[in-house]
Amino acid sequence: GCFGMDRDLHQKIVRGEFCKGLGVLKTFPKVGEVSERKVSCVCPWTYRGTEKRGRWKTPSSAVCLLVKLFTLRLTQDQVEKLLNHRDSAYVRAMGMLYVRFGADPSILWKTLGPHCDDLRVFKPHQRDEHSSTMGEFARKLLTQTEPFYETCLPRLVPKSLELRMLRRLELREEMMARAKRNTKFFGTS
């Protein structure tokens, strides 16, 4: 299968040299080590070449490693290790992408919702002008309907599930705004 990924992206990943080289990685810790060293953006595509000589896109190391993680069929504990990785925001973002592409949509909120307030800053794509927080990234994965860096995310079915997640995010934002307003009365602790 394509693990919820666009078929073109998946085919380019499995046919690519980088992915073929990942065959030697047989365990979750080994893939994690390579991810820490190789991943510096979590967009699906990277661009090679120049405007003058022609540009082409290739799958990023992040999505190649993500496919490798799918083939390992991670346990819930391993997914949690990705999501809560202390040293690399990119490994954490890969964990979020693992959930978004591969998990049953009914558990997306339970798994990604707790990360929606994460203030750690990173750049999802090196060409981005602005940084993002991990929380913004998680919220984007839960709500984005347009392509994610030129790649469609799996649809959230049923539509009522998507609407529930949007409502939960709205409530969370209202709660955060209220807490911010109340800090002037109660201080922070």
Side-chain angles (χ1 to χ4, degrees), residues 3-5 9-10 12-14 16-48 57-104 107-144 148-151 153-154 165 169 172-173 176 188-189:
F3 310 110
M5 290 183 177
L9 174 61
H10 185 260
K12 286 186 178 181
I13 290 169
V14 297
E17 293 301 314
F18 184 74
C19 191
K20 289 177 184 173
L22 296 177
V24 299
L25 304 176
K26 304 288 186 199
T27 65
F28 172 72
K30 291 289 183 192
V31 176
E33 289 172 21
V34 172
S35 298
E36 286 180 40
R37 288 193 325 266
K38 294 280 186 186
V39 177
S40 60
C41 79
V42 290
C43 60
W45 298 101
T46 57
Y47 290 87
R48 307 273 188 237
K57 60 185 183 180
T58 60
S60 70
S61 56
V63 293
C64 292
L65 287 158
L66 197 59
V67 167
K68 181 62 181 183
L69 290 170
F70 281 125
T71 64
L72 294 176
R73 295 191 172 137
L74 302 184
T75 65
Q76 183 63 36
D77 184 53
Q78 290 170 326
V79 172
E80 289 296 324
K81 285 181 181 178
L82 289 174
L83 291 170
N84 297 307
H85 196 279
R86 292 178 183 262
D87 299 325
S88 172
Y90 297 104
V91 172
R92 292 170 79 183
M94 283 177 59
M96 291 180 192
L97 287 170
Y98 183 91
V99 171
R100 182 60 177 87
F101 277 110
D104 183 315
I107 69 160
L108 288 178
W109 179 258
K110 180 180 137 192
T111 309
L112 296 181
H115 299 278
C116 287
D117 299 325
D118 188 334
L119 298 177
R120 184 171 182 175
V121 176
F122 82 121
K123 279 188 169 188
H125 191 295
Q126 295 307 315
R127 291 185 304 153
D128 286 346
E129 287 183 28
H130 305 288
S131 296
S132 172
T133 66
M134 295 303 299
E136 290 167 340
F137 186 75
R139 289 190 299 273
K140 188 176 195 177
L141 291 177
L142 288 169
T143 61
Q144 186 160 333
F148 170 76
Y149 293 102
E150 301 176 35
T151 300
L153 295 170
M165 276 195 281
L169 284 169
R172 185 180 220 120
E173 287 173 14
M176 296 301 286
T188 58
S189 43

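What's counted below: heavy atoms across the whole structure, side chains too, no hydrogens, waters or symmetry copies.
Using modelled atom types, one side-chain atom of S61 and one backbone atom of K38 make a donor-acceptor pair closer than 3.5 Å. Although no hydrogens or angles enter the test, the distance criterion places no donor-acceptor pair under 3.5 Å between the side chain of E36 and the main chain of E33.
Nearest approach of C19 to I13, heavy atoms of both residues: CB-O, 2.9 Å. Here the closest non-hydrogen pair linking G113 and L142 is N-CD1, 4.4 Å. L69 and L74 get closest at one heavy-atom pair: O-CG, 3.8 Å. The heavy-atom pair separating L97 from V42 by the smallest distance is CD1-O, 3.5 Å. C43 and H125 make their closest contact through SG-CD2, 2.7 Å (heavy atoms, listed as atom of the first residue, atom of the second, distance). Nearest heavy-atom pair, T46 versus C41, reported as atom, atom and distance to 0.1 Å: CG2-SG, 4.3 Å.
Partners of Y90 by ring-ring contact (aromatic ring centres under 6.0 Å, His included), not counting sequence neighbours, listed by chain and number: F122.
The environment of K30 atom NZ is sparse: at most 12 non-hydrogen atoms of other residues, nucleotides or ligands sit within 6.0 angstrom.
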Assess the residue pair L83 and L112 against the criterion (side-chain contact (heavy atoms from CB on, under 4.5 Å)); give the C-alpha distance rounded to whole Å, side-chain angles, the decisive distance to 0.1 Å, and a yes or no. CA-CA 9 Å; L83 291 170; L112 296 181; 4.2 Å; yes
Applying side chain to side chain donor-acceptor pair (under 3.5 Å), run through W45 and T58 and close with a yes or a no. CA-CA 6 Å; W45 298 101; T58 60; over 6 Å; no
Evaluate the side-chain contact (heavy atoms from CB on, under 4.5 Å) criterion for residues R100 and F148: first the C-alpha distance (whole Å), next the side-chain angles of each, then the deciding distance (0.1 Å), finally the verdict. CA-CA 11 Å; R100 182 60 177 87; F148 170 76; over 6 Å; no
Would you sort out whether N84 and H115 count as a side-chain contact (heavy atoms from CB on, under 4.5 Å), showing the intermediate values? CA-CA 9 Å; N84 297 307; H115 299 278; 3.3 Å; yes
Apply side-chain contact (heavy atoms from CB on, under 4.5 Å) to the pair H10 and V67, showing each step before the final yes or no. CA-CA 8 Å; H10 185 260; V67 167; 4.3 Å; yes
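The distance from the CZ atom of R139 to the OG atom of S132 is 8.0 Å, given to the nearest 0.5 Å. Note that CZ of R120 and OG of S88 are 6.5 Å apart. Values are rounded to the nearest 0.5 Å. For the atom pair OG (S60) and OH (Y149), the distance works out to 11.0 Å, reported to the nearest 0.5 Å. Rounding to the nearest 0.5 Å places OG1 of T71 at 8.5 Å from CZ of R73. For the atom pair SG (C116) and NZ (K140), the distance works out to 13.5 Å, reported to the nearest 0.5 Å. A distance of 11.0 Å separates CG of L22 from CD of E17, quoted to the nearest 0.5 Å.
Looking only at side-chain heavy atoms (C-beta outward), M94 and L82 stay at 4.5 Å or farther from each other. The side-chain heavy atoms of M96 and M134, taken from C-beta on, include a pair separated by under 4.5 Å. Side-chain contact between L66 and M5 is present, with heavy atoms from C-beta onward closer than 4.5 Å.
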